[in-house]
Peer 1: 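Got a structure for you, written out below as structure tokens; questions coming shortly.
To find a chain, count down the sequence lines: A is the first, B the second, and so on, and within it residues start at 1. Keep in mind it's a predicted model, so treat the numbers as computed, not measured.
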There are 2 protein chains.
Amino acid sequence: MTSLKKPPTMSDVAKLAGVSTMTVSRALKPGASASRATRQKILAAAETLGYVLDSTAAGLSSGKTGFIAATIPSINNGNFADTVRGLTDGLAETNLQILLGYTNYDATEEERLIEQFLRRRPEAIVVTGGWHTDRCRRLLEMADVTVVETWDLPENPIDEVVGFSNANAAKVMVHHFHDQGYRCIGFIGGDTTHDPRGLSRRQGFVAALAELGLETKRLVAAGRPPITMREGASALRDLLAKWPDTEAVMCVSDLSAFGAMTECQRAGLRVPEDIAIAGFGAYDLSEHAIPPITTIDVSAYELGKLAAETIIRRAQDAGARPAKISRKIDPQLIARKSTSRAE
Amino acid sequence: MTSLKKPPTMSDVAKLAGVSTMTVSRALKPGASASRATRQKILAAAETLGYVLDSTAAGLSSGKTGFIAATIPSINNGNFADTVRGLTDGLAETNLQILLGYTNYDATEEERLIEQFLRRRPEAIVVTGGWHTDRCRRLLEMADVTVVETWDLPENPIDEVVGFSNANAAKVMVHHFHDQGYRCIGFIGGDTTHDPRGLSRRQGFVAALAELGLETKRLVAAGRPPITMREGASALRDLLAKWPDTEAVMCVSDLSAFGAMTECQRAGLRVPEDIAIAGFGAYDLSEHAIPPITTIDVSAYELGKLAAETIIRRAQDAGARPAKISRKIDPQLIARKSTSRAE
DNA sequence: TTGAAAGCGTTACCAG
DNA sequence: CTGGTAACGCTTTCAA
């Protein structure tokens, strides 16, 4: 559809409607201060010409781009997608548009993305987690916008935080296992170098076991995050090969848990009678699997919603607002059959 | 992090480096035509000031925003996420940024999104499917950019097409069922009013059955797309309640197929011995489920990659290029245990 | 309610 | 390789 004529501008519309560009500009805004009549003329002229406002020019002139930048580790992940949905829904009343990027669980890629996004002059930035490259952190600190870190509780936040404790979530799960009578408990996660949240869960897992006086050695790192069903499956094989007496396994995500569980079933092990399996993230999958899989709900959608609220609040406080306010969510255990010890 | 000082501009950098803004502008570009020495000075000055290029201004001035707009029906869908990944990867060499939006399978919401995106003056637009509101179509036609419709083969394309025939994909599945000896075959999909691709699959399903001289009545509409595992499960109950002699079921997606399959298992029906189940989309899930689920791979990632190639090609042909070239992909059947008739 | 003028920060264009 | 100047299309600001 590449024609040659230049697209109409506001002054074309103004000319056709017989008014000034300023009047057009105002008539096109929501809270239009223009008389009914002129506004009709203007709208008609715009329609005739096929005029579309140029936000690039508007943004340059007004100093407001209407962008919110957000980075998530992976776009192909229901949990992060839920957070983005929450963010979008929370921003629906505003005219803010989301500039979404995914980092592939790579801090360097995150840095690259943030650098790109900063050029767009977003009015706020939402990032996943509190672990960034030094340069990335510096960029975020120097950027003159609200920064919201989510999905974690960074010890030293850049600005605002809307998250939860991954370590504590793992602890909740360990206690659930313990309550059910399991004592030899393993953990399946990804390599610990790329997924800080996965690492926190693993650390929380180990710490909780230690507190209970249980063995903490049954840890398998299954590859580069995000780990897949396949990696969950092979990790389970590895785990049982090394520690055959393992009674229960916590997986870093529902997907890997499902992979691990089906691997058990293929191997003739009954879940939960022979081995218990739990996941993380409260995917639909864990609810519908047979047996249903115990998991942790971190309220991913809510996280996005709260991030949006935070951004809006900060925008209204126009200007100064140094306080670093955390919105903390408590992950909820969803106990299901997959970890219910046969009496 | 809201400070009061205005962020540094290019002219601040120029001043500090003792050159003109033009030299700064050039030195900051990839193919920099600036002497080693001045460029070092400039980079140093930029670093000192914490300068970040303002793409808004750059875009206004150059007439190139560096945006590619893309809309998908749902962000929480592995298939569409794969297409976005393909698009991103395909665009990696360029400096183009993706402006992503999701429509919730709602043509009106798509129209709203496209209208918003158009204001950002994207250099190309990728949309899912060929079914738009009249106004949305008009907007896309009048926009002076490459438009790529994906995930379908519209009869009357707006511009470029990178897709596949959903109807034909369903036909392939029907023939697979037929080859396996199944004759009483049902279809589970969402309401037909919101998902044109789901509707095409259903129509292709019916047409293929009719060609084979089989009954075409076993159709269940399970709710607003995208249909979930739960809806797949309840739809299966409905289907069997109405037509108890059904031997096989094609589902509009792998997720609903999984829901349907687990529902069978809960009801004590063996898959595939008592009933065959197939899905659509080649999710990991269908590979790891027990039994593994027969599905169709539509090469979602490839679709995005090809869309990117199309966009790049059109950008190079600078200007005229009226031809509507389709990149057609052939969906591949992945036959698995869930539809393998016990001999 | 409307308009005129002055930018917003960058790059295109043309000189040197 | 470098610099001056004029846009780019809009909104801010100040007047009327």
Peer 1: Test A/Thr88 against B/Tyr102 for side chain to side chain donor-acceptor pair (under 3.5 Å), laying out the working first.
Peer 2: CA-CA 10 Å; A/Thr88 309; B/Tyr102 57 92; 3.1 Å; yes
Peer 1: May I ask you to say whether B/Asp82 pairs ionically with B/Arg85, meaning some side-chain N is under 4.0 Å from a carboxylate O?
Peer 2: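 Yes, B/Asp82 and B/Arg85 are salt-bridged.
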Peer 1: If you only use heavy atoms from C-beta on, which nucleotide in C/dG3, D/dG3, D/dC1 is closest to the side chain of B/Met22?
Peer 2: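 Nearest nucleotide to the side chain: D/dG3.
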Peer 1: Taking NZ from A/Lys64 and C1' from D/dT12, how many angstroms apart are they, rounded to a whole number?
Peer 2: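 Checked: the NZ to C1' distance equals 13 Å.
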Peer 1: With B/Thr133, which residues qualify under side chain to side chain contact (heavy atoms under 4.5 Å, CB included), at least two apart?
Peer 2: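 Partners of B/Thr133 by the side chain to side chain contact (heavy atoms under 4.5 Å, CB included) criterion, ordered by chain and then number, come out as B/Ala107, B/Glu111, B/Arg135, B/Cys136.
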Peer 1: Can A/Glu115 and A/Arg112 be counted as an ion pair, charged N to O under 4.0 angstrom?
Peer 2: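 So A/Glu115 does not pair with A/Arg112 through a salt bridge.
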Peer 1: Taking the nucleotide of DNA chain C with the nearest heavy atom to each, does A/Thr21 or A/Ser35 sit closer to the 5' end?
Peer 2: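 Its nearest nucleotide being more 5', the pick is A/Ser35.
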Peer 1: Can you name the closest pair of heavy atoms from B/Thr65 and B/Pro122 and give their distance?
Peer 2: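 That closest heavy-atom pairing would be OG1-CA, 4.0 Å.
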Peer 1: Quick test: give all pairs of protein nitrogen or oxygen and nucleotides 6-9 of chain C nitrogen or oxygen below 3.5 Å, distance rounded to 0.1 Å.
Peer 2:
| from | atom 1 | to | atom 2 | distance (Å) |
| --- | --- | --- | --- | --- |
| C/dG7 | N2 | A/Ser61 | OG | 3.0 |
| C/dC8 | O2 | A/Ser61 | N | 3.4 |
| C/dG9 | N2 | B/Ala57 | O | 3.4 |

Peer 1: Rounded to whole Å, how long is the line connecting atom CZ of B/Arg120 with atom P of D/dG9?
Peer 2: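 Nearest whole value for this atom pair: 17 Å.
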Peer 1: Could you tell me how far apart B/Lys15 (NZ) and D/dG3 (P) are, to the nearest whole angstrom?
Peer 2: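 So the NZ-P distance, B/Lys15 to D/dG3, works out to 14 Å.
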Peer 1: Tell me what A/Thr38 touches on the nucleic acid: a base, only sugar-phosphate, or nothing, going by heavy atoms under 4.0 Å.
Peer 2: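 Sugar-phosphate only.
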Peer 1: Is B/Arg120 salt-bridged to A/Asp54, cutoff N-O under 4.0 Å?
Peer 2: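 No salt bridge links B/Arg120 with A/Asp54.
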Peer 1: Give the rounded distance in Å between these two atoms: NZ of B/Lys41 and P of D/dC1.
Peer 2: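 In whole Å, D/dC1 P and B/Lys41 NZ are 15 Å from each other.
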